[in-house]
Amino acid sequence: MGILARTFYNRDTVTVARELLGKCLVHVEQGSRRVGRIVEVEAYVGPHDKASHSSKGMTARNAPMFGPPGIAYVYMIYGMYYCMNVVTGPEGFASAVLLRAVEPVEGITGRTQGPGLLCRAMGIAKQMNRHDLMSDELFIAEDRADEFKIVKRPRIGVDYAGAWAKRHLRFYIAGNAFVSRQ
DNA sequence: CTCGGGATGCGT
DNA sequence: CGCATCCCGAGG
């Protein structure tokens, strides 16, 4: 499998988000491998994005977003779920792509639609925060290069973000059964 | 230190 | 719509 290089992530966040669709998220742990094909993402495009955790500057929680491209930003939400992002753009420019849903490919039990369920099913929790996606424990790789249409919609759960809540920064594979809230 | 709320998901 | 459940970030 071809692991995506850091140069892949060191680009415009929307471009990275769209190109992550159809790629495979891989988590290897104690010899077992879990693979999911990414079917739904959201772009959090920078500190000017009012829906982004980085919009109020660097804090203990969002510090990974300010780090180099190609690392994971994993945080706990509502006391019971984790959400995984991949950090994009140049180091210091706090932007990321939230992984919202994958289609099970290998070693996955449980549901994978929605960022919280995705992390649960893939075994991704706090231990993966700041983890480098150039590693062989957690990475994203090329899959088959099939054709699909990309749907653009407003992001989920960011109504507090004013005009930014209306921007079409959620992307998913049209018609895919594992997309959340379709 | 307290306190309010959240890039969720599930049941009613 | 309510709620589980907890960490974070703001404010005193």
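Nothing here was measured: the structure is a model prediction, and the numbers come from that model. We name chains A, B, ... by the order of the sequence lines, and we start the count at 1 in each one.
A straight line from CZ of A:Arg155 to P of B:dT8 spans 12 Å, rounded to a whole angstrom. Note: CZ (A:Arg181) to C1' (B:dC10) measures 11 Å, nearest angstrom. Per the geometry, CG belonging to A:Asp159 stands 15 Å off P belonging to B:dG5, to the nearest Å. Put simply, CD on A:Glu42 is 15 Å from P on B:dG6, counting in whole angstrom units. As a whole-Å value, the separation of A:Met58 CE from C:dC8 P is 15 Å.
Contacts with DNA chain B (heavy atom under 4.0 Å) in residues 117-128 of chain A: A:Leu117, listed by number. Taken residue by residue, residues 69-92 of chain A places heavy atoms nearer than 4.0 Å to DNA chain C at A:Met76, A:Tyr78, A:Gly79, A:Met80.
As judged by a 4.0 angstrom heavy-atom cut-off over every strand, A:Ala161 is placed among residues making no nucleic acid contact.
Pair assignment for C:dT5 gives none, since no Watson-Crick or G-U wobble pairing has each distance under 3.5 Å. Pair assignment for B:dT2 gives C:dA10, based on Watson-Crick or G-U wobble hydrogen-bonding distances that are each under 3.5 Å.
For the pair A:Arg155 and A:Tyr44, the distance from NZ or CZ to the six-membered ring centre is under 6.0 Å and the angle to the ring normal is within 45 degrees.
Using modelled atom types and a 3.5 Å distance limit, the side chains of A:Asp49 and A:Ser52 yield no donor-acceptor pair.
A close approach under 4.0 Å does not occur between any side-chain nitrogen or oxygen of A:Arg61 and OP1 or OP2 of B:dG6. Between A:Thr59 and C:dG9, a side-chain N or O to OP1/OP2 separation shorter than 4.0 Å is present.
Using cut-offs of 30° and 60° for the angle between ring planes, the A:His48 and A:Trp164 rings count as perpendicular.
Distance CE/A:Met84 to CE/A:Met128: 8.5 Å, rounded to 0.5 Å.
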